[in-house]
Amino acid sequence: MENDIIFEPLRFRNLTVKNRIFRSSISGRWDNYDGSGTQARINWEEKFARGGVGAIISSFVPVAIRGRIMPNYATINCDERIPFWRKVGERVHEYDCKFILQLSHSGRQQDIGGVENLGKKALSSTSQTEPFHGFLCQAMTLTEIKETIQYFADGARRAREAGLDGVELHSANGYLFNQFLSSGINDRQDEYGGSLENRARFLLDVIRAIRKEVGNDFHLQFKISAVDYNNAVTFWEKPGNTIEDSIQVCQWAEEAGADAVHVSTGSLFPHPLNPIGDFNFDVITRTYDAMLSSGVETTRNYILFRKAFLHPIFNFLWNRVKKQLPPQAFSGDDVKDPKIKQLLIENQGRNLLDSREIKKHVNIPVLCTGGLQQASYIRQAINDHYCDGVTMARTLIANNDLVKSFQAGKDLADKPCTYCNKCLLNVIENPLGCYEQDRFNSYEEMMEEVMSVFHETQLANLSR
């Protein structure tokens, strides 16, 4: 298709990406326990670069061991990590694909702290226990805040020294930045709590510190939950930030030096709207046991997940927030299969209305995530100024070559992502991959695909 907006370059202040499709951050336990990286991680990222995306936003990369969500994620907490990330970037760059490192800190949302954090409460804006899993935490002191700001600045410096193309601050989905930003979580009484300006101070201080560390010519974007929806499953929790709050935060972040904003939603992960889709009890009962010792409410959740007669209770809580959503921004081209059409109507692009509102009020490019996988839908979202580019994760796990299929003229993959979320519910214990068996001819074929990055590791080790 001539003049297809999907394949027009997206130009930021310090970066140009060859097309409008980014692989969004999605985390898998590919790496060593201590945070050093592996060949499997390199092979994983290469799959998406080979599939045609313009840029890859890395998985959650902790700037400190105290801030990881679980072990076996490659970190950026010391200079010894620079050579590994350089290798990742070099491999991705072979496909004319950019690599953006997501600088992250779990705060209180720490699924499995690991032995290094044994006996330590997670750091947060608050000392209030996280309500869904019951993760214990303690409010950061001003000294700890200043130290953490420097951790992020150091992480950005290391990313630049590794030859990567930019960094993203994970300030969405319940992690540390979100814990400061959200009026439903942050209960501080000092200069980092109270008013929106104070709650945004931590994020803005980090942006300024990164600019001081790496200069103004290195790409820096941030991810934000446009609306918190704090009262999702834990209905007793106070509502958090509104779209109006987030618009103001985005304007301040732009003034502080951010080059782009990446729009998401939801005040924790997993969340009924992030990722939107199903919640599979068969999978979660096999994997959630790994988290039983992590929080004071995990036993309650485990019983809810294991006992079938309790599933309607959880489903009611999980699904009720979806009913608050406005209608779809628009519908894509007609899809013949009624089941797939309904899946797309229910799940695709549910953050676009928020993205459009933010885009109206900032002068930097806006990326939007949220179940996107249909070329005509993506094309309309960009042409109609809902966003400047889109990010995908689950839909690309289902179809690594989705972008190439768009280039070939397809509107939708032959076997689209079903939004089952089995990939994400498996990742607590198992390798990340598509576990929707209906998309494969057999269980063996599915597992061959899931384990392919390890097979490629063996081949890579033999050839080097």
Side-chain angles (χ1 to χ4, degrees), residues 23-50 56-93 97 99-106 109-118 122 151-152 154-156 158-159 161-165 167-168 170 175-176 269 287 290-291 294 393-394 396-397 400 423-435 449-461 464:
R23 204 291 309 277
S24 188
S25 55
I26 190 162
S27 298
R29 301 181 71 176
W30 302 117
D31 304 297
N32 296 315
Y33 198 97
D34 67 347
S36 56
T38 64
Q39 184 65 43
R41 165 75 63 183
I42 297 173
N43 296 339
W44 171 255
E45 304 294 14
E46 183 182 12
K47 289 175 68 171
F48 301 97
R50 189 169 57 233
I56 289 171
I57 303 170
S58 78
S59 67
F60 184 108
V61 180
V63 296
I65 295 296
R66 188 81 181 268
R68 68 183 180 193
I69 48 176
M70 61 177 65
N72 302 106
Y73 283 39
T75 66
I76 194 70
N77 65 308
C78 58
D79 287 356
E80 286 74 19
R81 300 290 177 258
I82 294 173
F84 170 71
W85 289 112
R86 182 178 293 117
K87 289 181 181 178
V88 175
E90 289 171 350
R91 183 65 62 85
V92 167
H93 289 159
C97 178
F99 193 83
I100 298 169
L101 193 76
Q102 188 184 74
L103 302 176
S104 309
H105 193 296
S106 63
Q109 196 164 297
Q110 190 171 79
D111 296 343
I112 301 172
V115 293
E116 300 96 328
N117 292 321
L118 193 64
Y151 292 155
F152 278 97
D154 290 340
R158 292 172 186 133
E161 290 181 14
L164 304 182
D165 301 293
V167 293
E168 175 176 277
H170 196 345
Y175 298 114
L176 183 61
F269 185 88
T287 60
M291 291 177 56
S294 297
R394 294 169 298 161
L396 286 171
I397 290 177
N400 301 162
C423 54
L424 300 174
L425 296 177
N426 264 286
V427 80
I428 303 170
E429 289 188 350
N430 302 319
L432 183 57
C434 181
Y435 286 87
E449 173 60 27
V450 169
M451 304 300 285
S452 62
V453 291
F454 299 107
H455 300 163
E456 292 170 12
T457 296
Q458 296 167 10
L459 293 173
N461 288 337
R464 283 171 169 77

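This is a predicted model, so every value here is computed, not measured.
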* Verify side chain to side chain contact (heavy atoms under 4.5 Å, CB included) between L101 and E168, making sure each step is shown before the conclusion. => CA-CA 6 Å; L101 193 76; E168 175 176 277; over 6 Å; no

For the residue pair [X] and [Y], establish whether any side-chain heavy-atom pair is separated by less than 4.5 Å.
X    : Y    : result
I26  : I397 : yes
Y33  : V115 : yes
V453 : K47  : yes
H105 : F152 : yes
V61  : L103 : no
F60  : S106 : yes
I69  : Y175 : yes
M451 : P431 : yes

If I compare all heavy atoms of [X] with all of [Y], which pair ends up nearest, and what's the gap?
X    : Y    : result
I428 : A290 : CG2-CB, 3.8 Å
L432 : C423 : CD1-O, 3.6 Å
G114 : P71  : CA-CG, 3.9 Å
A393 : S25  : CB-O, 4.4 Å
V427 : M70  : O-SD, 4.4 Å

* To do: Would you sort out whether V63 and N77 count as a side chain to side chain contact (heavy atoms under 4.5 Å, CB included), showing the intermediate values?
  => CA-CA 5 Å; V63 296; N77 65 308; 5.9 Å; no

Out of curiosity, [X] [atom1] to [Y] [atom2], how far, rounded to the nearest 0.5 Å?
X    : Y    : atom1 : atom2 : answer
T38  : D31  : OG1   : CG    : 4.5 Å
F84  : N32  : CZ    : CG    : 9.0 Å
R81  : T75  : CZ    : OG1   : 4.0 Å
R50  : F48  : CZ    : CZ    : 10.0 Å
M291 : E429 : CE    : CD    : 11.0 Å
I57  : R23  : CD1   : CZ    : 8.5 Å

* To do: Apply side-chain hydrogen bond (donor to acceptor under 3.5 Å, both in side chains) to Q109 and list each qualifying residue two or more places apart in sequence or on a separate chain.
  => none

Would you find a donor on one side and an acceptor on the other, under 3.5 Å apart, between the side chain of [X] and the backbone of [Y]?
X    : Y    : value
N426 : Y435 : no
S104 : Q102 : yes
R41  : G28  : yes

* To do: Using the salt bridge (charged side-chain N to carboxylate O under 4.0 Å, His left out) rule, collect all pairs that involve residues 60-80, keeping only residues at least two apart or in two chains.
  => R68-E116, D79-R157, D79-R158

* W30 vs W44 aromatic rings, parallel, tilted or perpendicular, using cut-offs 30° and 60°? -> tilted

* Polar contact flag, side-chain donor to acceptor under 3.5 angstrom, D165-H93 -> yes

